[in-house]
Amino acid sequence: MTPDVHPLTLLIASVFTNNILLSLFLGMCSFISISKDLKASNGLGMAVTLVLTITTLINWMVYHWVIVPFELDYLRYIVFIIVIAAIVQVLEMVIERVSPTLYRGLGIFLPLITVNCAIMGVSLFMQLRNYDLLQSAFFGAGSGLGWWLAIVLLAAIRQRIEKNPIPAGLKGAGITLITIGIIGMAFLGFAGMLKVQ
Amino acid sequence: MSLNAATNTTRILKDNLFRNNPVASQIIGICSALAVTNNLINTFIMGVGVALSTAFSSFTLSLMKAWIPQKVRMIIQVLVLSFYVILLDILLRAFIPDIAKALGPYIGLIITNCILMGRAEAFAQANPPGAAFWDGLTSGIGYLMVLMIVAFFRELLGFGTLFGVPVLPDQFIPWTIMVMAPSAFFVLAIYIWIHNTLLAKKRK
């Protein structure tokens, strides 16, 4: 049963009301470590959006055209992660060729996209919620954009509070988590606009 | 030798539970840490699942380390992790289907939990299987411990219950924010604050 949601609604919802990072907590690890630097955050956000859109689409096709007909449902985790790893590998080679600056900026974090829970999570949610092909494409793209928006917001805020007198124990991760919490509360304001679940 | 091994064992335990706690010190693996912590029962199952899959995957990877070519080790690590997570998923769905359903995709997401990959890279690669198993298990317990503390406050203040049993008087008004996403960040931040302050004090 495909849920009756317009793909565009899904796109907007996954950016604002159901942001994968702020409401589903996906992709936190790289989120916290990269958001120290605005430029790298922007690059990673772009990479995540790209990878998410492509992997969600391909995983949809693999799931509905291979896994379901052959009744291999128990293998879906492995299949999803292999598809993701392969796409990230290809993307890494392309970025290295096209934009060495971006490649250097992302450094070791590009391979880490493979184990970024956001990518795997969106594929799993896509399958769990029975989205159709078009909905999955918009869901993937919207989730990526939402993640991108969140990391750029956080990086910008972190740059501003860097020189503020923060208690020693809260420096780094602590204050970053509190900042994310406050951004999350701000995003709760969007919650009344759309209902997709 | 045996004395040496014993001190080593306790050192790993202490390291993984406190000084190098994966969640509080290394800030990894917190995706799922935040998502499941508004309910103590789910949190417990999730934590035990992570501890067991980390332990067994570290053990397996340590056994296999001589045969894994350096270049493809990432993908092999991921495959071994997926194997154990799939086992865990099947077991949970067979024995406690309600909780498995509530945890939903977060079980599958254990594969991308950085703790598993991190222990495989940082410890299992260079240590014997027994030590790797212990290291994985204690890392998982360190994770479970932080999650339980966060979940304790979130469930208590958000629902007025502990493990689903009402413990607060009827007059208590639940803090709706504790059930929602932002509170997870706040509670974890406070935990990390206390953790860091205590560690800094000890170092002096």
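Below, chains carry the letters A, B, ... as their sequence lines are ordered, and counting in each starts from 1. The structure displayed is predicted, hence computed values, not measured ones. Just so you know, these numbers use all the heavy atoms, side chains as well, and skip hydrogens, waters and symmetry mates.
Below 4.5 Å, heavy atoms of chain B meet heavy atoms from A/Leu177, A/Ile178, A/Ile180, A/Gly181, A/Ile182, A/Gly184, A/Met185, all part of residues 176-186 of chain A.
Under a cut-off of 6.0 angstrom, the local environment of CZ in B/Phe123 is crowded, with over 12 non-hydrogen atoms contributed by other residues, nucleotides or ligands. More than 12 heavy atoms of other shown residues, nucleotides or ligands fall within 6.0 angstrom of atom NZ in B/Lys65. Taking a 6.0 Å sphere around CH2 of A/Trp148, one finds it holds more than 12 heavy atoms contributed by other residues, nucleotides or ligands.
Atom CG of A/Leu75 is separated from atom OG of B/Ser82 by 10.0 Å, given to the nearest 0.5 angstrom. Taking CD1 from B/Ile110 and CE from A/Met120, the interatomic distance works out to 10.5 Å, rounded to the nearest 0.5 Å. In this structure, NZ in B/Lys101 is found 9.0 Å from CG in A/Leu128, a value given to the nearest 0.5 Å. To the nearest 0.5 Å, the span separating CG on A/Leu26 from CG on B/Leu109 amounts to 6.0 Å. Atom-to-atom distance recorded for B/Ile107:CD1 and A/Tyr77:OH is 7.0 Å, nearest 0.5 angstrom. Note that CG of B/Leu79 is 9.5 Å distant from CD1 of A/Ile81, once rounded to the nearest 0.5 Å.
Nearest heavy atom pair, residue B/Ala181 against residue A/Leu22, reads CB-O, 3.0 Å. In terms of heavy atoms, A/Gly174 sits closest to B/Ala189 at O-CB, 3.5 Å.
For chain B, the nearby part of A/Ala85 is the side chain; its heavy atoms alone come within less than 4.5 Å. Contacts between B/Ile177 and chain A at a heavy-atom distance below 4.5 Å involve the side chain alone, from C-beta outward. Using a 4.5 Å cut-off between heavy atoms, B/Tyr191 makes no contact with chain A at all.
In terms of non-hydrogen atom pairs under 4.5 Å with chain B, the most contact-rich of A/Phe125, A/Tyr74, A/Phe187 is A/Phe125.
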